[in-house]
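Okay, here's the structure, questions in a sec.
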Amino acid sequence: QVQLVESGGGLVQAGGSLRLSCAASGRTFNSYAMGWFRQAPGKEREFVAVISSSGGRTDYADSVKGRFTISRDNAKNTVYLQMNSLKPEDTAVYYCAGKHTYYSGSYYYPNSYDYDYWGHGTQVTVSS
């Protein structure tokens, strides 16, 4: 069982930055690829970014490429999402999710149904 707790959300002006964190419980964090998803009001949950269990491979949604960076610290059981140049359309609840993998380089998990565990989310609001 893995528990995920997000933090770092808040209100920021367009063009600003935020860093989200997701702290994981358990001793097998380094066996999980970790993803970030978001859900805006009235919209479906969408993929944002993913990082392999080793941290060596990442993937991003086209809408955030060049602005967001996913990273992880396996010693701290934490995954991060650095968000720069934020836009009002980035406003959403952001969720982290964990996918158990047997291969440390596996990272192609763009669908929510790929994931085994989810956090409760953190609100990000970007004002124009």
Side-chain angles (χ1 to χ4, degrees):
Q1 187 78 8
V2 174
Q3 292 185 329
L4 304 174
V5 180
E6 303 95 336
S7 61
L11 174 65
V12 64
Q13 289 188 332
S17 298
L18 282 175
R19 188 176 83 154
L20 305 183
S21 299
C22 174
S25 66
R27 296 180 295 176
T28 59
F29 180 70
N30 59 5
S31 297
Y32 286 79
M34 298 298 296
W36 285 97
F37 285 75
R38 67 186 181 186
Q39 188 167 17
K43 295 188 176 181
E44 294 187 353
R45 191 171 298 190
E46 65 174 0
F47 168 76
V48 175
V50 62
I51 188 167
S52 63
S53 61
S54 66
R57 304 196 74 173
T58 59
D59 192 23
Y60 298 90
D62 288 343
S63 59
V64 307
K65 278 181 182 176
R67 300 188 298 121
F68 291 11
T69 303
I70 189 170
S71 62
R72 66 190 295 159
D73 185 339
N74 284 348
K76 295 183 178 180
N77 280 14
T78 302
V79 62
Y80 305 98
L81 186 69
Q82 177 67 43
M83 306 186 295
N84 298 330
S85 303
L86 282 160
K87 304 175 181 180
E89 50 263 44
D90 295 318
T91 295
V93 177
Y94 283 70
Y95 299 89
C96 73
K99 159 68 178 176
H100 185 266
T101 63
Y102 293 99
Y103 173 51
S104 63
S106 298
Y107 72 103
Y108 188 70
Y109 301 114
N111 302 300
S112 58
Y113 56 72
D114 290 323
Y115 292 82
D116 306 307
Y117 299 102
W118 290 84
H120 292 295
T122 185
Q123 176 71 46
V124 171
T125 303
V126 184
S127 63
S128 56

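Since the structure is predicted, the reported quantities are computational estimates derived from the model, not experimental observations.
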Legend entry - Whether S25 side chain and Q3 backbone form a donor-acceptor pair below 3.5 Å: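 Yes, because the side chain of S25 sits within donor-acceptor range (under 3.5 Å) of the backbone of Q3.
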
Legend entry - Spacing of CZ belonging to R72 relative to SG belonging to C22, to within rounding of 0.5 Å: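 Reported to 0.5 Å precision, the distance equals 10.0 Å.
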
Legend entry - Intermediate values then yes/no, side chain to side chain contact (heavy atoms under 4.5 Å, CB included), F29 and K76: CA-CA 9 Å; F29 180 70; K76 295 183 178 180; over 6 Å; no

Inset, instruction - Using a 4.5 Å cut-off on heavy atoms from C-beta on, say whether the side chain of L4 contacts that of Y95. - result: no

Inset, instruction - May I ask you to test the M83-W36 pair for a side-chain heavy-atom distance under 4.5 Å? - result: no

Legend entry - Distance (rounded to the nearest 0.5 Å) between N74 CG and M34 CE: 10.0 Å

Inset, instruction - Give a yes or no on whether H100 atom NE2 has more than 12 heavy-atom contacts from other residues, nucleotides or ligands under 6.0 Å away. - result: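 Yes, the 6.0 Å shell around NE2 holds more than 12 heavy atoms from other groups.
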
Legend entry - E6 side chain to G121 backbone, donor-acceptor under 3.5 Å: yes

Legend entry - Non-hydrogen atoms of S128 and P88 that approach each other most closely: CB-CG, 3.8 Å

Inset, instruction - Flag yes if F37 and Y117 sit in one hydrophobic cluster, no otherwise; membership is Ile, Leu, Val, Met, Phe, Trp, Tyr, and two members link when side-chain heavy atoms are under 4.5 Å apart. - result: no

Legend entry - Validation row: T101, Y109 side chains within 4.5 angstrom (heavy atoms):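 Sidechains of Y109 and T101: in contact.
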
Legend entry - Side chain to side chain, L86 and Q13, heavy atoms closer than 4.5 Å: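 No, side chains not in contact.
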
Inset, instruction - Side-chain contact test, heavy atoms from C-beta onward, threshold under 4.5 Å: evaluate it for R38 versus D90 and give yes or no. - result: yes

Legend entry - OG1-CG distance between T122 and L81, expressed to the nearest 0.5 angstrom: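 Those atoms lie 11.0 Å apart.
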
Legend entry - Pairwise distance NZ(K99) to OG(S112) - rounded to 0.5 angstrom: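 Output value for this atom pair is 12.5 Å.
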
Inset, instruction - Without swapping roles, check the side chain of Y60 against the backbone of I70 for a donor-acceptor pair under 3.5 Å. - result: yes

Legend entry - V50 with V48, same ILVMFWY side-chain cluster at under 4.5 Å: no

Inset, instruction - Determine the minimum heavy-atom distance between A23 and T78, stating which atoms define it. - result: CA-OG1, 4.2 Å

Legend entry - Short side-chain to backbone donor-acceptor contact, T91 and V126, under 3.5 Å: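 Confirmed, T91 side chain pairs with V126 backbone.
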
Legend entry - Beyond-backbone contact of R57 with Y108, side-chain heavy atoms, under 4.5 angstrom: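 R57 vs Y108: side chains apart.
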
Inset, instruction - Considering non-hydrogen atoms only, spot the tightest contact between S54 and S104 and give its length. - result: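 Closest heavy-atom pair between S54 and S104: OG-O, 3.2 Å.
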
Legend entry - Side chains of I51 and Y80 in contact at under 4.5 Å (non-hydrogen atoms):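 No, their side chains stay 4.5 Å or more apart.
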
Legend entry - Polar contact flag, side-chain donor to acceptor under 3.5 angstrom, N84-S17: yes

Inset, instruction - Quick one: closest heavy-atom pair of Y115 and A33, and the distance? - result: CE2-O, 4.4 Å

Legend entry - S31 and S53, any side-chain heavy atoms less than 4.5 Å apart: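 They are not in contact (no side-chain heavy atoms under 4.5 Å apart), so the answer is no.
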
Legend entry - Single-linkage hydrophobic cluster, 4.5 Å side-chain cutoff, W118 and V93 together: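 W118 clusters together with V93.
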
Inset, instruction - Measure the spacing between CZ of F47 and CG of D59 and express it to the nearest 0.5 Å. - result: 4.5 Å

